[in-house]
Amino acid sequence: MSLWERLFGKKSEDTDTDIGEIKVHRNLDKNFGIIKDMLKDCDDVLYREIKIGIEGNQRAVVISIDGMTDENVLDNHILKNLMINSRIAPPDIGIFKRQIGDAVKDKTLSAAEMKEVGTIEQAVLDILIGDTAVILDNYDKIIIVGTKGWEMRDVAEPETENVIRGPRQGFIETLRVNTALIRRRIRDHKFKIKGYQIGRRSQTDVCVLYIEDLADEDVLEELDKRLKAIDIDAIIDSGYIEQLVEDNWRSIFPQIQNTERPDVATAALYEGKVVIVVDNSPFVLIIPSGFNAMMQSAEDYYERWGIATFIRALRYFALLMAIYMPALYIAVTTFHPQMLPAKLLISIAANRAGVPFPAVLEAIIMVLTLEILREAGIRLPGAIGQTIGIVGAVIIGQAAVDAGIVGPIMIIIVSITAVASFTIPSYNLAIAARLLRLVLIIASGFLGLYGVMLITMLALVHLCSLKSFGVPYLTPFTAPIGQRSDLKDALLKAPLLSMHYRETTVRKSERRRMLDHRDENFNKEG
Amino acid sequence: MKDNSDIISTNQMIFILALAMISTGILRLPRSLADVVPYDHWIILLVTGLVITAVIAIHAWIVKLRPGVEYFEILGESLSRPIAYIVALAYIVYFIGLNGLIVRIFGETIKVYLLTKTPIEVINVSLLISCIYLSRKGVEVLGRLAAFLFPIVITVSIFLFLLSFINTNFRNLLPVFQITPVQVLRGIPVTILSFLGIEVLLFFGANLEKPRESMKSTIAVAAVALFYLLVIVATFAQFGPVQIKKLVWPTLDVFDTVQIPGLFIENVQVVVMSAWVIAVFTTIAPLYLAGVITAKSVTGFKDQASLAPPFLPFIYFASLIPKNLAHVYEVTDKFTFYFASIMVGAIPLIVLISLLIQARSGKGAKGNA
């Protein structure tokens, strides 16, 4: 436990001491003046000057931001209580004079989230987050009432990572909703949510989620170090955090998995991984995550194991096809025609007879066309995007063959490749595969099969050198023999009943996931 | 964080060794054996396997005696500092020479089977450049690469050799137990080439996670010997000893005979050549890395990454020394017989004896005091 104290014990003290240097003055007008000066020309700020007490001699100011506060709380639990209820049931006047702060805080304001801050800067920051500041005359603290509430998107089915079977919820842009979606799936007090504020100007909320006795302490410590090292003016999306904390920013391969699905994030937490939720982003990050995690889909775990195994093997095969098919075709037709059966060779030669370009150029033309179509399809609004896909695929392809620019076999190969690359669940891994495919096409154009193998070896060396927070990227494929039990959940998906242990990347003490309490004779008859 | 700590497990070491052994030697192994005797090649192979096991046991023993110490330091400790520098330089020359020869043979095969019109220089240099990339990454990455590739390469090759059994005549293997001990002794030197690569254990030994388990490295030799046994049986059963003498690379020619009716790819050359590139890459890269590591300890240079590229021109020129393919094999045989046996066998033996004597006298001194 000492580590937790070392890690986070000191941190909690830090949050007690407010940022900024301007201490709150006892004089209301001075405080109000400073804040007004800081929030000059911010027309969305609401100032409400009120008078509290039976005689109305206690002045106060309520400051909030229009559009970021829950007006129900503001009206009924702050203003109404301060202005009306405090008159109906007045507290003892003596106390009221001496301990005005306590009287207001503990007896008048009926909101759930409340705190006091000692500096103006902290108060302004809290106002900007969406809370409401109550400034009292003759009191050297500012009361902050939690009134955050703004228009947000409904929790809807995520656009990416679709499944046939599985929950239909997706993360949204509000951090608290996202953490609540995960909390609903983990009713365990060991599940921790640790907050950071990153970005000098944006002060974006970033939460690190983990299950205390499952997550690797080293990963948490390293993540804490890397998050604290970030000094940037703004965090716009979780993609910023991903790029700032990942191990190797030069690589084209993603080393941090992102997901829009609460069930995927929760499953990762139960595996002992750490999840980062960033405000204003529906994509949460999962670390450490390797190649294997990005080839898995949530559905693999909800479907029967035989089906899941077949689909997963199919997905790996599709990945290989997406990377290698055009390159192998070029290599074999250009450099090693002797490797093909004679009949096939004749058919290919007849197809390519009218094509003026070498196979490499043909492939590059088609692959680039396809990439352009894909990009155009994403950028264009929904219905038109699909139209572009059909127009591009069918009409351009047909026309290109008719015009004799490319051979029909090349069209087939490039389209199969494209379809195959859509089966990769992780979008950023799919992009990496596409880039690799382009490199392979060029290499095979120069050196044939040998070039393909050479690039393969280079890519493998690179993949082997990658690590995600200390976990080798290609785990479990590169794991020592003793730790290859993780292979049960890699190329294959073993039956749930046989997966008694968590991944070997988590701490050894908490490896066991499941116990088998079934009767010994259970299932014996069949 | 445990980043680039350059620690490898015993398993990974075994994989590295096994893949380092399997390389160009395998192409000619049946031919070289057929030149010595017409029968009982498997006995020669098993005897050589035992010899190599003894050699690797010496290496493992050294690693075990001085856990976590670089080989250059061990050399200095056992043979005195000045001699250590000379021996280390000899090792560097040895790695350059061996790599040069392997690269040359590799280039020749690629030229014959894949890229008939491409200049061999392009093939050699591009392979060496990719080895530089690995050498910059270090032993840890090599360990993971080997662990990833070993199951694939072995499964694929065993499958391919099993395919070749479809139309073989096992009578070609007869007669058995006709060999004389003298013939066995004559066969050993030509077989040793196929096992070169074990010496990387000395250089990567300092990176072992558990140096106590270094003796397990002998498993690699056993595995490779078994694999070679399969190769020899497959080639001899296919061609017979007389025909093999006329083939340059009988091991590759075996696959030309594989014909599976109804298969999309008529011959399995695509798969064979892919596996071949992997096998050679995983031999040259460790040797290259071992050379870089030696150079690093000799020069006391901190930055391993910048030491890797200077090796390329030397290896490249070494690969140009033999005039033609026949000359390549002449040079290789001499290289293996004289240079390699000294560097891999004799010097480690001397080092081990010296270490043992030191340990004995050290103990004695302690006992006296």
Side-chain angles (χ1 to χ4, degrees), chain A residues 216 218-219 221-223 225-226 247-248 288 291 324 328 331-332 334-345 443-444 446-484 487, chain B residues 1-5 8-12 14-15 106-107 110-111 113-118 122-123 126-127 129-131 133-138 140-152 209 262-278 280-282 285:
Chain A
D216 190 347
D218 293 341
V219 171
E221 199 172 357
E222 179 69 19
L223 179 64
K225 218 185 327 175
R226 290 188 195 175
D247 289 64
N248 185 350
F291 182 78
Y324 283 110
L328 281 182
V332 171
T334 323
F335 291 94
H336 330 293
Q338 77 275 13
M339 287 179 180
L340 288 174
K343 275 186 187 165
L344 184 63
L345 189 62
S444 73
F446 282 108
L447 289 171
L449 189 60
Y450 170 62
V452 172
M453 283 315 291
L454 216 52
I455 297 293
T456 306
M457 294 311 292
L458 285 177
L460 271 181
V461 171
H462 177 68
L463 283 171
C464 287
S465 75
L466 283 182
K467 272 185 172 182
S468 175
F469 284 83
V471 177
Y473 197 60
L474 287 182
T475 332
F477 303 110
T478 57
I481 289 188
Q483 290 167 22
R484 294 215 165 178
L487 282 176
Chain B
M1 205 89 230
K2 308 154 253 176
D3 208 45
N4 203 23
S5 50
I8 50 172
S9 67
T10 318
N11 271 314
Q12 287 174 333
I14 294 172
F15 290 140
F106 173 76
I110 291 292
K111 216 168 151 40
Y113 285 92
L114 287 180
L115 304 167
T116 38
K117 286 177 194 151
T118 309
V122 177
I123 299 168
S126 56
L127 183 71
I129 287 174
S130 44
C131 290
Y133 184 64
L134 187 120
S135 304
R136 293 168 67 98
K137 298 280 181 192
E140 194 185 346
V141 175
L142 176 67
R144 259 180 256 140
L145 184 73
F148 181 80
L149 288 176
F150 183 79
I152 300 174
E209 191 183 16
L263 201 70
F264 168 72
I265 304 236
E266 200 162 58
N267 53 35
V268 286
Q269 286 288 1
V270 181
V271 191
V272 175
M273 286 327 278
S274 307
W276 173 233
V277 175
I278 295 176
V280 172
F281 182 86
T282 50

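Throughout, a chain's letter reflects where its sequence line sits, starting with A, and its residues are numbered from 1.
- With sequence neighbours left out, the ring-ring contact (aromatic ring centres under 6.0 Å, His included) criterion links A/Y324 to no other residue.
- Interface residue B/L134: backbone and side-chain heavy atoms are both found under 4.5 Å from chain A.
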Please tabulate, one pair per line, all N/O donor-acceptor pairs under 3.5 Å involving side-chain atoms of residues 141-152 of chain B, not counting sequence neighbours.
residue, atom, partner, partner atom, Å
B/R144, NH1, A/C464, O, 2.2
B/R144, NH2, B/E140, OE2, 2.6

Run A/R226 and A/F469 through side chain to side chain contact (heavy atoms under 4.5 Å, CB included) and show every step you take. CA-CA 11 Å; A/R226 290 188 195 175; A/F469 284 83; 3.5 Å; yes
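- Enclosure of atom CZ in A/F446 is not indicated, since only 12 or fewer non-hydrogen atoms of other residues, nucleotides or ligands lie within 6.0 angstrom.
- Contact of B/L127 with chain A is made through backbone and side chain together, with heavy-atom distances under 4.5 Å.
- Ranked by heavy-atom pairs shorter than 4.5 Å toward chain A, the options B/C131, B/S130, B/A285 are led by B/S130.
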Is there a side chain to side chain contact (heavy atoms under 4.5 Å, CB included) between B/T116 and A/F335? Walk through the geometry before answering. CA-CA 9 Å; B/T116 38; A/F335 291 94; over 6 Å; no
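- Heavy atoms of B/T118 lying under 4.5 Å from chain A belong exclusively to its side chain.
- Residue A/L466 touches chain B through its backbone alone, counting heavy-atom pairs closer than 4.5 Å.
- Using a 4.5 Å cut-off between heavy atoms, A/L447 touches chain B through backbone and side chain atoms alike.
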